[in-house]
Structure formats: structure tokens, C-alpha cells
Amino acid sequence: MKKLQTVRGTYDLYGDKKRAHNEIIKKASKVAQSFGFEEIETPIFEFTNVFARNLGETSDIVTKEMYCLEDRGGESLTLRPEGTAGVVRSYISEGMQQNLPVKLFYHGPMFRYERPQKGRQRQFTQFGMELIGVETPQADIEIIAAAYNFVNYLDLGGNVVVEINSLGDKESRDNYRDELVAYLKENLDGLSNDSKERLEKNPLRVLDSKDEKDKTIVENAPKFGDYLNAESKEFFKLVLEGLDRLNIEYKVNERLVRGLDYYDHTVFEITTDCLGAQGTVLAGGRYNGLVEQMGGAKTAGIGWACGIERLAMMLKEDIKKPVEAVIIPTGSDVMLEAMEVAYILRTSGIITEQSYTGNMKKRMIKADKMNAKYAIIIGADEVAKETVILKNLDEGTQKEVKVSELIKEIRG
RNA sequence: GCGAAUGUAGCUCAGUUGGUUAGAGCGUCGGUUUGUGGUACCGGAUGUCGCCGGUUCAAAUCCGGUCAUUCGCCCCA
């Protein structure tokens with residue numbers, strides 16, 4: 001440690017940015033609660049196996065992005081790289097299957113050892129929702145509707161698009177994968193080196209390659225939709241019908257896949273064009289196999305997570321520190337009286353600031369910069385009469401008000 | 001993990017072919033008759049020029065390394 005700085009890919013959250021984060025989390029929580037979800041907080045680290053066994057042995061997250069550490073007892077622990085595995089672990093360990101369905105939301109820091117960029121850091125914040133125990137398309141529709149409602153509830157600049165696809169059940173997915181691999185092997189020479197590697201590790205990823213040569217090959221590749229079996233097709237159809245019914249705009253993207261192994265059936269993303277290479281702002285999908293894979297009874301599940309930092313960067317306007325009133329004593333002789341009035345307001349829940357130094361003019365300037373609605377001026381004359389000058393800073397009007405009437409005046 | 005760019009006051013940046021005490025705007029602080037803002041004027045403060053090393057009589061300026069950031073790839077929220 002040579003210099004006082006945060007470690008690579010981490011940052012201090014304060015001021016405008018912290019307020020933006022709070023605002024987003026507040027709105028997301030409100031939406032989640034409207035949909036009947038409850039908050040859960042799980043530890044930010046788990047036994048390494050919780051992630052390593054379930055996200056996919058060959059996934060990038062597991063092979064090169066986890067922050068693993070050994071505790072003093074020799075246990076291998078990992079800072080959570082995502083939220084779902086921890087929530088599902090909790091679902092099993094806490095015996096929540098006694099009361100299905102389980103509807104949970106969470107938010108907090110996640111950790112991935114990645115190369116930092118705009119919209120990508122090593123410690124970042126996610127908000128997520130999980131709905132466990134519902135097999136029907138109702139769950140998909142509900143969870144996507146919540147995501148859609150939430151993103152639209154935020155005041156974002158730039159276009160946001162919901163993209164959706166179905167990976168089908170395991171049978172459909174395996175069939176498709178075999179066909180895709182066969183096709184890609186026929187065209188092996190035309191593929192980029194990255195895609196040759198993907199072919200080995202996660203063939204579906206070749207579908208959303210950005211390489212131009214790959215794109216032309218992918219154009220003619222077998223289509224996912226053609227390999228879904230009847231049940232999977234019907235399921236996806238019902239999900240889309242539900243979204244139509246709720247007037248949720250979406251775009252079916254047959255090349256949309258997921259990086260983590262546990263997804264099946266419905267997968268979806270909300271993307272934007274204003275964050276460079278980090279276009280995905282929210283992503284999720286169904287994970288009908290995960291609970292069983294982690295040792296619980298076979299139970300359906302679906303959820304999503306969004307990156308708070310990415311959303312915060314898209315917010316149209318800065319969130320200002322809220323101040324309703326600023327107390328301005330005319331001089332140090334009435335400082336105590338001014339503090340007393342401030343205390344009365346504060347204990348009534350009115351956000352009240354005070355100015356600490358300067359002449360009247362300076363104090364007024366500060367009140368103005370604080371964006372306060374009212375300046376409350378107190379001098380010796382007012383103290384004698386048990387009044388204050390209540391000045392509306394938006395309108396520029398002011399009047400003398402009894403201290404005992406002050407709260408009523410402000411609250412209107 | 002790969003490729004490229006950048007790094008000067010709190011912020012945004014200027015700094016000519018290396019040459020005295022490194023600048024501007026914004027912000028901040030103080031003042032302009034010690035009771036009134038959002039649109040005035042005057043003045044002040046602040047920088048180990050990211051860090052370490054090298055070349056040179058002399059480096060913010062050239063070279064190497066390092067750290068951090070940004071862009072693209074990989075991947076992902």
C-alpha cells in the first residue's frame with residue numbers, strides 16, 4: 001500500500017452517487033413489495049462450493065473471477081459474485097419450502113475479479129428478485145413485469161429494451177446444443193479463435209459473438225426456436241402472451257443466452273445503448289434445476305438482478321440533498337434561540353439545516369445553494385416577540401410567524 | 001487474461017522546440033455600511049505536475065518501470 005487509494009475496481013460511494021444508489025434501491029424495493037416480495041439479506045460470503053458447484057465449472061466467473069479466501073479454520077470461502085446462489089442456499093438451509101411460493105428481494109455488494117471499465121467494477125451493487133416454487137408461466141410474467149415496471153419507474157436517459165428468449169427445458173437445450181456444435185464444427189475454419197474456445201466451453205455463447213466472421217456463420221446456424229420441444233414452446237408462448245396482455249414491450253432475441261449454467265426456459269435482459277460495452281443493465285431467467293442441484297427437492301425458480309452502478313449512471317438528473325428549511329440567526333447573540341427553533345423543527349421531522357458562519361448575505365447565499373424551500377430568519381426583534389421571519393425561497397415572499405405556528409405554516 | 005490511450009489544484013482542463021516563483025474557468029473561503037439569496041465587484045488559499053527510477057547543467061515536458069483510470073476484446077450487472 002503505497003498511497004491512500006481504494007483497491008482497483010472499488011470506489012467510495014458518497015454525495016450524489018450515494019443518493020442515486022439509495023433512490024434506485026428505494027424504488028426497486030417499493031416495486032418488489034408491490035408485487036408481494038419480501039427482503040432477505042444473506043451473508044456476502046459463502047462456502048466456495050455454493051458458487052463453484054452451481055454457476056458452472058467452466059464459467060468465467062468460477063474459473064477466473066471469484067475472490068476466494070481461506071479462513072483460520074482452513075475453510076475455503078468466497079465473496080459472493082452474484083446473488084441467486086446465496087438466496088437459494090438460504091431457501092434450503094432455512095427450510096423455506098414449508099411455505100411456497102417464496103418471494104424474496106435483496107440488494108448488496110457483489111465481487112468479481114475482472115478488468116474494471118466504465119460500468120464494471122470489482123465490487124459492485126446488485127438488486128435482485130427471486131420467485132421460488134412456481135412452475136407456471138405466471139411466475140415468468142410476474143417477475144418480468146416487476147423488472148419492467150421498476151426500470152420504467154426510474155427516470156433514465158437513453159433507450160432501454162427488454163430482450164427475451166427461451167432456452168427450453170434440459171431436453172430441448174441438449175438437442176439444440178448437439179445440433180449447434182455439429183454445425184459449428186463443420187464451419188470450424190471460419191470461426192474466430194475466441195469462438196473456437198467457446199465451442200469447447202460453452203457453445204451457446206458463440207451465438208452472441210461480436211466477431212464479424214462469426215456473425216455470418218451464426219446467421220445460418222440452426223435456430224434455437226426450432227429445437228424447443230412442444231412443452232417448452234407452449235410454455236414460452238404463454239409467457240409472451242402474458243407480457244402482451246400487460247402491455248410490456250419486448251423483443252424476442254434468439255441469440256440471447258446466459259453465462260451461468262443453472263438457467264433454463266425463459267431468459268431475459270434489459271439493455272441500453274448508452275453504457276458502451278456494458279449494455280446489460282438487468283438480467284435474469286428461470287432456474288428450474290438449481291434448487292435440486294443444490295441439494296433441495298426439485299423446485300422451480302426464476303429471478304433477475306440489476307447493476308445499481310449501471311443504472312445510477314443512466315439517471316437523468318442528480319438527486320439533491322433534501323433540505324426543507326435553513327435557520328439563519330442574524331448574529332451570535334441569538335445563536336441559542338436559533339438552535340432551539342431548529343430543534344423544534346427537526347424533532348417534528350422537518351429537514352432543517354443551519355448556517356454556521358458569515359454575515360446575513362453569506363448565510364442567505366448558502367441557504368440558496370442548499371436548495372432549501374424556506375429560510376427562517378431570527379434576530380433579537382423576533383426573539384422578543386417569539387416570532388421568526390419565514391421566507392419562501394422559491395417565491396421570494398416572506399412573513400413574520402409565531403414560533404408556535406411555525407410547523408403548521410411549513411407543513412401547510 | 002489480451003490490445004490501445006490517458007494521469008497537472010476539490011472539478012474540467014491549458015502549459016509552446018525540456019529553461020527562473022506551474023496557469024485558467026468552475027467551486028471554495030474572506031470582504032464590498034454588522035438584517036435578506038438565486039443575476040455584481042474586490043481579494044485570498046489550495047498542487048510532492050499519479051508514483052519510482054533514468055537521461056540532462058536543467059524534466060510537468062524525453063526514456064523505462066509501476067499504480068490507477070478510460071476505450072475495445074473476453075466476460076458480465
Side-chain angles (χ1 to χ4, degrees), chain A residues 1-11 15-16 24 55-56 58-65 81-84 107 109-128 147 151 192-195 197-198 201-202 205 208-211 214 257-260 269-272 275-284 304-314 326 328-334 355 357-382 388-398:
Chain A
M1 187 162 56
K2 300 171 201 80
K3 204 181 151 188
L4 281 179
Q5 59 183 30
T6 62
V7 321
R8 183 175 216 190
T10 68
Y11 59 97
D16 290 346
I24 291 167
L55 306 189
T58 59
S59 70
D60 276 45
I61 288 184
V62 172
T63 55
K64 55 186 197 192
E65 294 179 359
E82 59 98 54
T84 302
H107 56 88
M110 307 292 164
F111 306 83
R112 292 182 198 173
Y113 190 83
E114 289 192 281
R115 187 78 175 262
Q117 274 181 43
K118 183 180 188 175
R120 172 195 291 178
Q121 39 277 130
R122 289 182 172 179
Q123 176 179 337
F124 60 104
T125 315
Q126 283 192 337
F127 180 98
V151 171
S192 66
N193 288 334
D194 282 333
S195 283
E197 209 169 303
R198 291 186 185 108
K201 284 163 63 176
N202 189 350
R205 287 241 79 104
D208 62 355
S209 170
K210 286 170 195 158
D211 185 275
D214 291 348
V257 294
R258 302 271 66 184
L260 306 180
E269 282 187 6
I270 295 182
T271 57
T272 173
L275 249 39
Q278 276 66 245
T280 302
V281 133
L282 180 152
W304 55 258
C306 65
I308 303 295
E309 285 80 1
R310 289 186 184 178
L311 288 167
M313 279 189 286
M314 294 177 64
V326 180
I328 299 180
T330 58
S332 55
D333 54 323
V334 292
S355 55
T357 58
N359 56 26
M360 276 260 346
K361 190 177 179 101
K362 292 291 180 198
R363 290 175 192 242
M364 286 299 289
I365 291 171
K366 273 184 194 156
D368 188 52
K369 282 184 181 155
M370 280 191 251
N371 225 0
K373 182 163 186 202
Y374 294 106
I376 294 169
I377 299 159
I378 301 174
D381 298 347
E382 287 76 21
V388 297
I389 305 294
L390 180 64
K391 176 158 187 170
N392 184 319
L393 291 171
D394 297 333
E395 293 165 12
T397 56
Q398 68 180 50

- Query: Do you know which two heavy atoms are closest between Ile378(A) and Glu382(A), and how far apart they sit?
  - Reply: C-OE1, 4.0 Å

Dump the pairs, protein N or O against N or O of nucleotides 68-72 of chain B, anything under 3.5 Å, distances to one decimal.
unit_1 : atom_1 : unit_2    : atom_2 : d
U69(B) : OP1    : Gly9(A)   : N      : 2.9
U69(B) : OP2    : Arg8(A)   : NE     : 3.2
C71(B) : OP2    : Lys118(A) : N      : 2.6
G72(B) : OP1    : Ala277(A) : N      : 3.2

- Message: On a heavy-atom basis, which atom in Asp214(A) and which in Ser192(A) lie closest, and how many Å separate them?
- Response: OD2-OG, 2.7 Å

- Query: Whole-Å distance between C74(B) C1' and Ile61(A) CD1?
  - Reply: 13 Å

- Task: Taking side chain to side chain donor-acceptor pair (under 3.5 Å) as the test, write out the residues that go with Thr272(A), two or more places apart.
- Result: none

Close N or O pairs between protein and nucleotides 10-12 of chain B (under 3.5 Å):
none

- Locate the shortest heavy-atom distance separating Gln126(A) from Ala305(A); write the atom from each residue and the value. OE1-CB, 3.6 Å

- Report the relative orientation of the aromatic rings in Phe127(A) and His107(A); use parallel for angles under 30°, tilted for 30 to 60°, perpendicular for over 60°. parallel

- Task: Nearest 0.5 Å please: distance from the CD1 atom of Ile270(A) over to the CZ atom of Arg310(A).
- Result: 13.5 Å

- Note on the structure: In terms of heavy-atom contacts, Pro329(A) and Val334(A) come closest through CB-CG2, 3.8 Å

- Query: Judged by atom type as modelled, is there a donor-acceptor pair below 3.5 Å linking the side chain of Glu197(A) to the main-chain atoms of Asp194(A)?
  - Reply: no

- Message: Once side chain to side chain donor-acceptor pair (under 3.5 Å) is applied, do any residues pair with Glu269(A), and if so which ones, sequence neighbours excluded?
- Response: Arg258(A), Thr280(A)

- Note on the structure: Output field dot_bracket for RNA chain B (Watson-Crick or G-U, both distances under 3.5 Å, | for other-strand pairs) contains (((((((..((((.....[...)))).(((((.......))))).....(((((..]....))))))))))))....

- Task: Specify the closest pair of heavy atoms between Gly9(A) and Gln121(A), including all atoms of both residues, with the distance to one decimal.
- Result: O-CB, 3.0 Å

- Can you tell me the distance, in whole Å, between the CG atom of Asp208(A) and the P atom of C73(B)? 12 Å

- Query: Say you pick atom P in C41(B) and the same atom in C26(B); how far apart are they, in whole Å?
  - Reply: 10 Å

- Query: Base, sugar-phosphate alone, or nothing: which one does Ala367(A) contact when heavy atoms must sit under 4.0 Å apart?
  - Reply: nothing

- Task: Answer with base, sugar-phosphate or nothing: what part of the nucleic acid does Arg198(A) contact at a heavy-atom distance below 4.0 Å?
- Result: sugar-phosphate

- So, is Ser195(A) near the phosphate of C74(B), with a side-chain N or O under 4.0 Å from OP1 or OP2? no

- Item | Under 3.5 Å donor-acceptor, Arg112(A) side chain and Pro81(A) backbone | yes

- Could you tell me the separation between the CD atom of Glu197(A) and the P atom of C2(B), rounded to a whole number of Å? 14 Å

- Task: Round to a whole Å and report the spacing from CG of Asp194(A) to C1' of C2(B).
- Result: 9 Å

- Message: Test of understanding: with side chain to side chain donor-acceptor pair (under 3.5 Å), list the residues that count as partners of Asp208(A), not counting sequence neighbours.
- Response: Arg205(A)

- Is Leu311(A) close to Cys306(A) at the side-chain level, that is, under 4.5 Å between some pair of heavy atoms? yes

- Message: Taking only the P atom of each, what is the distance from G3(B) to C74(B) in whole angstrom?
- Response: 16 Å

- Item | Rounded distance (Å) that lies between atom C1' of A77(B) and atom CE of Met313(A) | 10 Å

- Item | Pairwise P distance, U28(B) and G53(B) [rounded to whole Å] | 38 Å

- Message: Suppose you measure atom P in G47(B) against the same atom in U8(B); what distance do you get, rounded to whole Å?
- Response: 15 Å

- Message: Please classify the nucleic acid contact of Ser59(A) as base, sugar-phosphate, or nothing, using heavy-atom distances under 4.0 Å.
- Response: nothing

N/O-N/O pairs, protein side and nucleotides 6-8 of chain B side, under 3.5 Å:
none

- CD1 of Ile308(A) versus C1' of C76(B): gap in Å, rounded? 16 Å

- Take atom C1' in G18(B) and the same atom in U56(B), then report the distance between them in whole Å. 9 Å

- Residue whose nearest RNA chain B nucleotide is more 5′ - Gln126(A) or Tyr113(A): Tyr113(A)

- Message: I need the CD-P distance between Gln123(A) and A77(B), as an integer number of Å.
- Response: 17 Å

- Task: Measure the distance from CG on Asp211(A) to P on C73(B) and round it to the nearest whole Å.
- Result: 11 Å

- Note on the structure: Here the side chain to side chain donor-acceptor pair (under 3.5 Å) pairs for residues 357-368 of chain A, sequence neighbours left out, are Ser355(A)-Arg363(A), Thr357(A)-Lys366(A)

- Item | Residues forming a ring pair (Phe, Tyr, Trp, His ring centres under 6.0 Å) with Tyr11(A), sequence neighbours excluded | none

- Item | Spacing of the P atoms in U48(B) and A9(B) (rounded, Å) | 7 Å

- Note on the structure: Protein heavy-atom contacts under 4.0 Å, written 5' to 3' over nucleotides 33-46 of chain B as B (base), S (sugar-phosphate only) or - (none), form the string --BBBB-B------

- Sequence neighbours excluded, which residues qualify as side chain to side chain donor-acceptor pair (under 3.5 Å) partners of Asp16(A)? Arg19(A)

- Message: Checking Glu309(A) against Thr125(A) for the side chain to side chain donor-acceptor pair (under 3.5 Å) test, could you report, in this order, the C-alpha distance in whole Å, the side-chain angles of both residues, the deciding distance, and whether it holds?
- Response: CA-CA 7 Å; Glu309(A) 285 80 1; Thr125(A) 315; 2.9 Å; yes

- What pairs with Lys369(A) under salt bridge (charged side-chain N to carboxylate O under 4.0 Å, His left out), at least two apart in sequence or on another chain? none

- Item | Pairwise P distance, U55(B) and A45(B) [rounded to whole Å] | 37 Å

- Task: Quick one: label Glu114(A) by what it contacts on the DNA or RNA (base, sugar-phosphate, nothing), any heavy atom closer than 4.0 Å.
- Result: base

- Using the C1' atom on both, measure G19(B) against U66(B) and round to a whole Å. 29 Å

- Query: Where the side chain of Asp60(A) is concerned, which of C75(B), G30(B), C76(B) is the nearest nucleotide?
  - Reply: C75(B)

